[in-house]
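Contents: one structure, followed by commentary.
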Amino acid sequence: PYTLTTAQQKCLMEVDQDMQSGDRMLRLIQGDVGSGKTILAFLAALNCVSCNKQASIMAPTAILATQHHQSLAPLCRDLGIEITLLTGADKGKIRKKKLEAISTGKAQLIIGTHALFQDKIVFDNLGFVVIDEQHRFGVHQRLALSDKGKDTDILVMTATPIPRTLTLAAYGHMDVSRLEGKHTGRKAVDTRLISTDRMAELVDGLKRKLAAGEQAYWVCPLVEETEKSDLAAAEERHALLQQFFGDQCALIHGRMKAEEKDAVMAGFSSGKTRLLVATTVIEVGVNVPNATVIVIEHAERFGLAQLHQLRGRVGRGDKASSCLLLYNGKLSETAKERLQIMRRSNDGFVIAEKDLELRGAGE
């Protein structure tokens, strides 16, 4: 339903050339949040399917895999391509049927989570693998999936643009395509810093947005390095916000069962839930165009790349969107400087370079 940008066409040309060559492709597409990587992955997968081989797209979470499946299934239907979704939630007869479709080659495009590279999964003729949000997977996981085919072409994608110097060090054995710019449909998100002292004001503002038919995310931080405290913070915040928003407010976190997560996400996608309180499980890929506000609590505790990813959850529709970075009390100079970068720039490549400047490269 839209034309590709010049940057997308250039990336696709590089991918096409790799796939036509006699060598195995190993390419990284570095594109910012909203630059349109998913459609490139799909178009590249079509190259493979049209040569009678299977293609697979692997995403780090069931939420993201399901969403890819939902957006690509109608396109596949129009083209007469058999698409299958496989996640850890598939059990019993349904799972057996899907595995059979994959092993016989009936399933041409397979979308899934890391469930895809388990030993029991056998592909008929795997020719192409896309690994989405590459930073969430280990090297061995990548290899385990590519080894399921013969000379499988591999395309990895990340929406956390890494500075050029680091890219070469971390991905020296890969060719790199930089997908610059946003897709024309994306709006810049208005980013503001707000102290926790102004919580009452913030809740009032949210009430107005929700009353106008819009939706919002409220992200809670990691309190200490344990999942338990991360969860406690989210549960506590959810209980408090429920006093103001009642049933319009729902909670999602990493320790819920897959079915529970799916149900909560479905409620939010359909608009039944207006305010979603979450841990960083929503960091990658969640797409609800009607969500126009994201509140990130204790924003100073997050890395810049993660803040940028989270901010990418809004600004996906036609309405103006905002990202509110909540901080507690006094900020150190570095913390203030980091949050100011978020306010000044919507460009992930600029943010990544600044992050490197402030924090150093690590090892």
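Only heavy atoms go into these numbers, but all of them, side chains included; no hydrogens, no water, no symmetry mates. Note that this is a predicted model, so its numbers are computed, not measured.
- A salt bridge links Arg237 and Glu297; the closest N-O separation between the charged side-chain nitrogens and carboxylate oxygens is under 4.0 Å.
- A side chain to side chain donor-acceptor pair (under 3.5 Å) with Thr191 holds for exactly one of Gln340, Arg344, Arg311; it is Arg311.
- By the criterion of side-chain heavy atoms lying less than 4.5 angstrom apart, applied directly or through intervening Ile, Leu, Val, Met, Phe, Trp or Tyr residues, Leu331 is grouped together with Met342 in one hydrophobic cluster.
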For a side-chain contact (heavy atoms from CB on, under 4.5 Å) check, start with the C-alpha distance between Gln215 and Leu276, then their side-chain angles and the critical distance, and finish with the verdict. CA-CA 8 Å; Gln215 287 169 276; Leu276 187 61; over 6 Å; no
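- Annotation for Asp247: atom CG does not count as buried by contact number, only 12 or fewer foreign heavy atoms lying within 6.0 Å.
- The backbone N or O of Thr87 lies less than 3.5 Å from a partner atom in the side chain of Asp90, making a donor-acceptor pair.
- The side chain to side chain contact (heavy atoms under 4.5 Å, CB included) with Cys323 is formed by just one residue from the set Ile294, Val293, Val219; it is Ile294.
- From Thr113, atom OG1 reaches atom CG of Asp132 across 12.5 Å, with rounding to the nearest 0.5 Å.
- Residue pairs meeting the side-chain hydrogen bond (donor to acceptor under 3.5 Å, both in side chains) criterion with at least one partner in residues 39-49, sequence neighbours excluded, are Asp16-Asn47.
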Determine whether Arg338 and Asp355 satisfy the following criterion, side-chain contact (heavy atoms from CB on, under 4.5 Å), listing intermediate values before the conclusion. CA-CA 8 Å; Arg338 285 174 64 239; Asp355 205 15; 4.3 Å; yes
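- Across Gly127 and Lys53, no two heavy atoms sit closer than the pair CA-CD, 3.9 Å.
- Among residues two or more places apart in sequence or in another chain, the salt bridge (charged side-chain N to carboxylate O under 4.0 Å, His left out) test is passed with Arg198 by Glu201.
- Arg274 places no side-chain N or O within donor-acceptor distance of the main-chain N or O of Ala216, the cut-off being under 3.5 Å.
- One N or O on the side chain of Lys148 and one on the backbone of Ile121 form a donor-acceptor pair closer than 3.5 Å.
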Walk me through it: do Ile94 and Lys98 pass the test side-chain contact (heavy atoms from CB on, under 4.5 Å)? CA-CA 6 Å; Ile94 295 176; Lys98 287 184 177 183; 4.0 Å; yes
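- Distance alone, capped at 3.5 Å, places no donor-acceptor pair between the Gln30 side chain and the Arg178 backbone.
- Residues Thr292 and Val314 have side chains not in contact (no heavy-atom distance under 4.5 Å, counting atoms from C-beta outward).
- Here CG of Asp175 is found 11.0 Å from CG of Leu155. Values are rounded to the nearest 0.5 Å.
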Give the C-alpha distance, both sets of side-chain angles, the deciding distance and a yes or no for side-chain contact (heavy atoms from CB on, under 4.5 Å) between Leu275 and Leu210. CA-CA 8 Å; Leu275 176 61; Leu210 268 49; 4.1 Å; yes
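- Using a distance-only test at 3.5 Å, with no hydrogens or angles considered, a donor-acceptor pair links the side chain of Gln8 to the main chain of Gly36.
- To the nearest 0.5 angstrom, Ile111 atom CD1 is 11.0 Å from Gln67 atom CD.
- Of all heavy-atom pairs between Thr273 and Ala250, the closest is CG2-CB, 3.5 Å.
- A donor-acceptor pair is defined here as one N or O able to donate and one able to accept, closer than 3.5 Å; no such pair exists between the side chain of Ser345 and the backbone of Ile341.
- A single hydrophobic cluster is seen to contain both Leu79 and Val130, as judged by linkage of ILVMFWY side chains at heavy-atom distances under 4.5 Å, directly or through other members.
- By the side-chain contact (heavy atoms from CB on, under 4.5 Å) test, Lys272 pairs with Ser270, sequence neighbours left out.
- When the side chains of ILVMFWY residues are joined at heavy-atom separations under 4.5 Å, either directly or via intervening members, Phe349 and Val176 end up in two distinct hydrophobic clusters.
- Side-chain contact between Leu43 and Leu4 is present, with at least one heavy-atom pair separated by less than 4.5 Å.
- The distance from atom CG of Leu126 to atom CG of Asp151, rounded to the nearest 0.5 Å, is 11.5 Å.
- Between Lys97 and Glu100, no side-chain nitrogen of the basic residue sits less than 4.0 Å from a carboxylate oxygen of the acidic one, so the salt-bridge criterion is not met.
- Considering only heavy atoms from C-beta on, Ser322 stays 4.5 Å or farther from Arg192 through its side chain.
- In terms of the ring pair (Phe, Tyr, Trp, His ring centres under 6.0 Å) criterion, residue partners of Tyr217 (sequence neighbours excluded) are, by chain and number, Phe268.
- Once rounded to the nearest 0.5 Å, the distance linking NZ of Lys120 with CG of Leu99 reads 9.5 Å.
- Of all heavy-atom pairs spanning Thr152 and Arg24, the tightest one is O-NE, 2.8 Å.
- Looking at every heavy atom in both residues, Asn346 comes nearest to Val189 through ND2-O, 3.3 Å.
- Criterion: ILVMFWY side-chain heavy atoms under 4.5 Å apart, direct or through other members. Under it, Leu339 and Val350 are not part of a common hydrophobic cluster.
- The side-chain contact (heavy atoms from CB on, under 4.5 Å) search around Val49 returns Ala55, Ile81, Gln108, not counting sequence neighbours.
- Under the 3.5 Å distance criterion, with hydrogens and angles disregarded, a donor-acceptor pair is assigned to the side chains of Arg27 and Ser177.
- Between Glu235 and Leu251, the shortest heavy-atom contact is CG-CD2, 3.8 Å.
- At most 12 heavy atoms of other shown residues, nucleotides or ligands fall within 6.0 angstrom of atom NZ in Lys10.
- The neighbour count for Lys207 NZ, taken as heavy atoms of other residues, nucleotides or ligands under 6.0 Å away, is above 12.
- Lys91 places a side-chain N or O within 3.5 Å of a backbone atom of Gly88 that can act as its donor or acceptor partner.
- Arg77 is linked by a side-chain contact (heavy atoms from CB on, under 4.5 Å) to Pro74, counting only residues two or more places apart in sequence or in another chain.
- For the atom pair Ile102 CD1 and Glu82 CD, the distance stands at 11.0 Å (nearest 0.5 Å).
- Closest non-hydrogen pair, Val288 versus Ser269, comes out as CG2-OG, 4.0 Å.
- In the hydrophobic clustering of ILVMFWY residues, with side-chain heavy atoms under 4.5 Å counting as a link, Met199 and Leu324 come out together.
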